[in-house]
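Convention: sequence-line order gives letters A, B, ...; per-chain numbering from 1.
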2 protein chains.
Amino acid sequence: MLTNSRLVHQPHDHSRCINAALARANDICAAKNARMTTTREAVLRLLWQSHKALGAYQLQAQLSELFNKPIAPPTVYRAIEFLLELGLIHRIHSLNAYIGCPFPNSEHSNLFMICTQCGSVAEMTHNTINGLLQSASEKANFTLKSQSLELSGLCPQCFDHAETSDND
Amino acid sequence: MLTNSRLVHQPHDHSRCINAALARANDICAAKNARMTTTREAVLRLLWQSHKALGAYQLQAQLSELFNKPIAPPTVYRAIEFLLELGLIHRIHSLNAYIGCPFPNSEHSNLFMICTQCGSVAEMTHNTINGLLQSASEKANFTLKSQSLELSGLCPQCFDHAETSDND
DNA sequence: GTGTAAAAAGATATATTATAACATTTTAGG
DNA sequence: CCTAAAATGTTATAATATATCTTTTTACAC
């Protein structure tokens, strides 16, 4: 089991997350002969500003501000598509939003824990679950190609806040 | 493990699926003092015409044809919302589409196997997986409320077709 | 049966998310 | 530098979903 759950849900030096993500991204681009352009890097950086998923139009607004000129939707979606293809970000289907991938090199199919309160998203790779999904698919003669596993609930912090305010 | 996978992927007397689904829906409405209106029943019936997920606007078109008058999106979405709340249908996030639930009474959180070729969707409840998801959440101090588990791949039939045409 | 309040549906407008199509600019490599 | 490919800009529009207000239908009290 591999997860960034602790990092997501506890105070930490977040600049290290961002730098690590950008470094990984550059490595992967180099390895795949892909170009990490200004727009793409900006989108990746924005998605790493927090451990929350951002929608395409939130990214658009922030990009426009960053570049001090209007950025149109296709530009944003192109960058998203590129980063998705390289495995540097994920699409969170239940939110129509996107988030930086903390372990882009792992081939693992991942599981997301989405806080419905604060919007934070932690990612987890769970080999036992993946194995069971594979064998359940096989039993059904279903040829598994990809998966989207999204858990919704409360992150530790939001749960604590909820508990505390209940006691008011 | 409970699944309608065989039913979905093999020829069967589909009218029995539809009738069973409508009967279950009526029971559940009676139990919950909810109204199964014409529109709602029509949407449920349309979603049970096949074992494929339908988008809201596909439903709109089919409803309009069925009632021989234009049906506006809010009407469709209201029916969808109602059926979702009663657990009679599911939303497939990765498709932005909806499908009839084959076991609406079970409290189980379910898993979908989506054929990317023909669009069929089989549903499965897998207690071991659900247990692991719960315990993985607990380990991460994540309070699990709901889940969306969507597997994409090839259903048995489409896989067979693909194999066969490979040999041409 | 009629009146009434609540629920549902109709109607219109618009928000949100995503893509198509074509023009222009930037980039890597010859 | 020149060129082809890649990336981005620009404009328009498709696809999905919701807000708001009006009208109709329904359950049920009387």
Side-chain angles (χ1 to χ4, degrees), chain A residues 25-26 29-44 46-47 52-86 88-99 119 148 150, chain B residues 25-26 29-47 53-86 88-99 119 148 150:
Chain A
N26 284 324
C29 282
K32 299 201 180 173
N33 254 310
R35 297 186 201 160
M36 181 52 69
T37 65
T38 315
T39 311
R40 291 166 178 175
E41 181 174 321
V43 168
L44 185 59
L46 286 170
L47 287 178
K52 299 180 184 180
L54 294 181
Y57 284 75
Q58 290 177 280
L59 287 169
Q60 183 202 19
Q62 295 187 30
L63 274 183
S64 299
E65 192 165 356
L66 197 59
F67 292 158
N68 216 29
K69 67 175 179 183
I71 301 295
T75 300
V76 181
Y77 280 101
R78 283 173 190 144
I80 288 171
E81 188 182 20
F82 173 86
L83 296 167
L84 282 173
E85 269 170 17
L86 285 189
L88 294 168
I89 66 172
H90 292 289
R91 179 172 215 277
I92 306 294
H93 288 102
S94 61
L95 300 178
N96 290 334
Y98 307 87
I99 190 154
S148 163
E150 302 181 5
Chain B
N26 284 325
C29 282
K32 299 200 181 175
N33 254 308
R35 297 186 203 159
M36 180 52 68
T37 65
T38 315
T39 311
R40 291 166 177 174
E41 181 174 323
V43 168
L44 186 59
R45 196 181 276 279
L46 287 171
L47 287 179
L54 294 182
Y57 284 76
Q58 289 177 281
L59 287 169
Q60 183 202 19
Q62 294 188 31
L63 274 183
S64 299
E65 192 165 355
L66 197 59
F67 291 158
N68 217 28
K69 66 176 178 182
I71 302 296
T75 300
V76 182
Y77 280 102
R78 283 174 190 140
I80 289 171
E81 188 182 18
F82 173 87
L83 296 168
L84 282 173
E85 269 168 16
L86 286 189
L88 295 168
I89 65 173
H90 292 290
R91 179 171 214 276
I92 306 293
H93 288 101
S94 61
L95 299 178
N96 290 334
Y98 307 87
I99 190 155
S148 163
E150 303 181 5

Do any N or O atoms of the protein come closer than 3.5 Å to N or O atoms of nucleotides 19-28 of chain C, and which pairs are they?
| from | atom 1 | to | atom 2 | distance (Å) |
| --- | --- | --- | --- | --- |
| C:dA21 | N6 | A:Arg78 | NH2 | 3.2 |

Seminar exercise, completed: To the nearest angstrom, the CG-P distance between A:Leu86 and D:dA6 comes to 15 Å

Exercise. Would one find a side-chain N or O of B:Thr75 under 4.0 angstrom from OP1 or OP2 of C:dA9?
Worked result: no

Let me have the donor-acceptor pairs involving side chains of residues 63-78 of chain B, under 3.5 Å, with sequence neighbours excluded, atom names and distances please.
| from | atom 1 | to | atom 2 | distance (Å) |
| --- | --- | --- | --- | --- |
| B:Ser64 | OG | B:Gln60 | O | 2.8 |
| B:Ser64 | OG | B:Ile71 | N | 3.1 |

Seminar exercise, completed: Whole-Å distance, A:Asn96 CG to D:dT16 C1', equals 9 Å

Problem set entry | Shortest non-hydrogen separation from A:Leu44 to A:Leu83 and the atoms involved | N-CD1, 4.0 Å

Problem set entry | Pairing residues for A:Gln62 by the side-chain hydrogen bond (donor to acceptor under 3.5 Å, both in side chains) criterion, not counting sequence neighbours | none

Exercise. Nearest of C:dG10, C:dA8, D:dT8 to any side-chain atom of B:Arg40?
Worked result: C:dA8

Problem set entry | Integer-rounded Å distance: D:dA6 P and A:Glu85 CD | 13 Å

Exercise. Of the non-hydrogen atoms in B:Leu47 and B:Ile89, which two are nearest, and what is the gap between them?
Worked result: CD1-CG2, 3.7 Å

For this session: May I have the distance from B:Asn33 (atom CG) to C:dA7 (atom C1'), rounded to whole angstrom?
Result: 13 Å

Side chains of residues 34-42 of chain A: which donor-acceptor partners sit under 3.5 Å, not counting sequence neighbours?
| from | atom 1 | to | atom 2 | distance (Å) |
| --- | --- | --- | --- | --- |
| A:Thr37 | OG1 | A:Arg40 | N | 3.4 |
| A:Arg40 | NH1 | A:Arg35 | O | 2.7 |
| A:Glu41 | OE2 | A:Arg45 | NH2 | 3.1 |

For this session: Grab the CZ-C1' distance between B:Phe82 and C:dA9 for me, whole Å please.
Result: 14 Å

Exercise. D:dA7 phosphate, OP1 or OP2: any side-chain N/O from A:Thr37 under 4.0 angstrom?
Worked result: no

Problem set entry | Nearest heavy-atom neighbours spanning B:Leu46 and B:Leu54 | O-CD1, 3.8 Å

Exercise. Contact class for B:Phe67 (heavy atom, under 4.0 Å): base, sugar-phosphate, or nothing?
Worked result: nothing

For this session: Check the distance between C:dT16's C1' and A:Gln58's CD and give it to me in whole angstrom.
Result: 11 Å

Exercise. For B:Glu41 and C:dA8, what is the distance between atoms CD and C1' respectively, to the nearest whole Å?
Worked result: 16 Å

For this session: Could you state the atom-to-atom distance from NZ of A:Lys69 to C1' of D:dT10 in whole Å?
Result: 12 Å

Exercise. Checking A:Glu150 side chain against A:His93 main chain: does a donor-acceptor pair fall under 3.5 Å?
Worked result: yes

